[in-house]
Amino acid sequence: MFQNPSSMLEHFAQPIFIGLLTVTILLLFGTFLAHFLIMVPFKRLRIYKMELEFNSNTLREKQIANQFLYSSTMLHNHTENVKYLIDNQLMDLKQVLQFLAYSYKNYSLQYNNELTLEIDVLEPTELKGRERKLYQAINRQNIIKANTTYENRLIQGDNLLLGTANVGEEADKATIVVRREYDYPFDTYDQETLESIIGYAVILFDTAIIIQLFHENGMYTEDNELEAD
């Protein structure tokens with residue numbers, strides 16, 4: 001460009017330097033684009049967020065502790081729970097699951113108001129898409145190891161946790177579906193918490209049915225209840 005460059009600017013205006021600068025810019029842009037496309041879906045692994053990750057781990061430990069606290073509180077309030085179901089005529093397993101799911105959702109949001117949590121109790125025929133695939137995965141087990149499973153999304157969409165409950169081999173199943181936003185993935189602690197909720201729902205349902213039968217057959221009266229207290 002300049003046959004006899006007389007200044008530093010004219011030296012750098014030579015084609016070789018312009019080519020090197022162009023290649024450098026393209027490499028930097030390519031590196032940035034690769035980082036953006038690859039690391040955004042796995043943003044919990046970013047090195048520069050190391051300190052935030054430790055903070056989130058601390059938050060997760062508190063959430064796990066609260067889950068165990070909920071389970072113990074649930075058992076502690078067993079008598080009140082049974083009374084509530086009988087007084088409100090909630091004598092279906094699906095209704096029992098809805099009662100526990102609603103209380104669990106409220107309990108969870110008390111400790112993390114930034115959490116987006118949706119819980120539905122559905123019939124198996126109401127499941128669609130990913131939810132139905134998770135339900136089928138549970139049913140395909142030759143040896144039932146767990147009645148719950150979960151799937152976390154890596155890019156976008158909701159994380160899913162699903163569990164099934166029934167009170168007999170021929171009884172209709174009820175499913176509980178928990179949805180949580182991408183930033184809050186599920187893990188085995190969430191899975192075990194849901195299993196405990198489902199297990200307790202069956203116990204609560206059986207207890208309410210037995211007491212209701214006692215009432216209907218005159219085997220359980222207010223005097224019995226006072227003596228029990």
Side-chain angles (χ1 to χ4, degrees), residues 40-45 53 56-57 59-75 81 92-109 111-112 114-206:
V40 164
F42 300 96
K43 59 185 177 180
R44 286 180 293 274
L45 301 178
E53 286 304 312
S56 65
N57 286 338
L59 175 62
R60 183 60 186 141
E61 290 174 1
K62 292 180 180 179
Q63 292 173 345
I64 293 171
N66 291 331
Q67 287 175 335
F68 283 111
L69 180 60
Y70 171 79
S71 299
S72 62
T73 303
M74 185 171 57
L75 294 174
N81 293 338
D92 183 82
L93 179 60
K94 183 177 179 180
Q95 294 175 321
V96 176
L97 275 174
Q98 288 172 333
F99 163 67
L100 293 177
Y102 180 76
S103 65
Y104 174 69
K105 178 179 179 178
N106 290 339
Y107 192 89
S108 299
L109 295 179
Y111 291 94
N112 188 355
E114 296 181 357
L115 180 65
T116 301
L117 185 66
E118 297 180 6
I119 304 180
D120 291 317
V121 179
L122 306 170
E123 301 290 342
T125 54
E126 299 178 279
L127 300 174
K128 298 179 181 180
R130 294 169 57 209
E131 298 168 1
R132 184 154 191 83
K133 289 181 180 178
L134 291 179
Y135 174 78
Q136 292 172 342
I138 294 175
N139 286 341
R140 280 198 300 265
Q141 298 178 100
N142 294 325
I143 300 176
I144 303 299
K145 296 181 179 179
N147 57 348
T148 61
T149 186
Y150 63 90
E151 179 184 77
N152 293 322
R153 297 303 295 263
L154 295 178
I155 299 178
Q156 59 182 350
D158 293 332
N159 301 318
L160 284 180
L161 173 63
L162 184 141
T164 64
N166 66 315
V167 290
E169 293 184 0
E170 298 182 358
D172 293 334
K173 286 187 177 181
T175 60
I176 179 168
V177 182
V178 186
R179 303 178 190 87
R180 209 154 65 184
E181 59 188 355
Y182 160 72
D183 288 331
Y184 296 92
F186 291 111
D187 56 25
T188 54
Y189 292 106
D190 297 299
Q191 188 176 8
E192 290 173 0
T193 299
L194 184 60
E195 287 180 4
S196 68
I197 291 174
I198 292 173
Y200 177 63
V202 174
I203 295 173
L204 192 58
F205 171 79
D206 288 341

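Every value quoted in this text rests on a predicted model; they were computed, and no experiment measured them.
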Table please: side-chain donor-acceptor pairs of residues 117-128 below 3.5 Å, with sequence neighbours left out.
residue, atom, partner, partner atom, Å
D120, OD2, R179, NH1, 2.6
D120, OD2, R179, NH2, 3.3
E126, OE1, E123, N, 2.7

Distance (rounded to the nearest 0.5 Å) between [X] [atom1] and [Y] [atom2]:
X    : Y    : atom1 : atom2 : result
L194 : L100 : CG    : CG    : 10.5 Å
Y189 : T193 : OH    : OG1   : 10.0 Å
N147 : N139 : CG    : CG    : 10.5 Å
E131 : E151 : CD    : CD    : 10.5 Å
T149 : F186 : OG1   : CZ    : 11.5 Å
R130 : L162 : CZ    : CG    : 11.0 Å

Quiz prompt | Check: E195 side chain, A146 main-chain N or O, donor-acceptor pair, under 3.5 Å | solution = no
For residues [X] and [Y], report the shortest heavy-atom separation together with the two atoms involved.
X    : Y    : answer
T148 : G163 : CG2-CA, 3.8 Å
L97  : A201 : CD2-CB, 3.6 Å
F99  : N81  : CZ-OD1, 3.7 Å

Should [X] and [Y] count as side-chain neighbours, where that means a heavy-atom distance under 4.5 Å?
X    : Y    : value
L109 : K105 : yes
R180 : L161 : no
T175 : Y135 : yes
N159 : Y150 : no

Quiz item: So D187 and D190, side-chain contact (heavy atoms from CB on, under 4.5 Å) or not? Walk me through it.
Solution: CA-CA 5 Å; D187 56 25; D190 297 299; 3.0 Å; yes
Quiz prompt | T73: side chain to side chain donor-acceptor pair (under 3.5 Å) partners, not counting sequence neighbours | solution = none
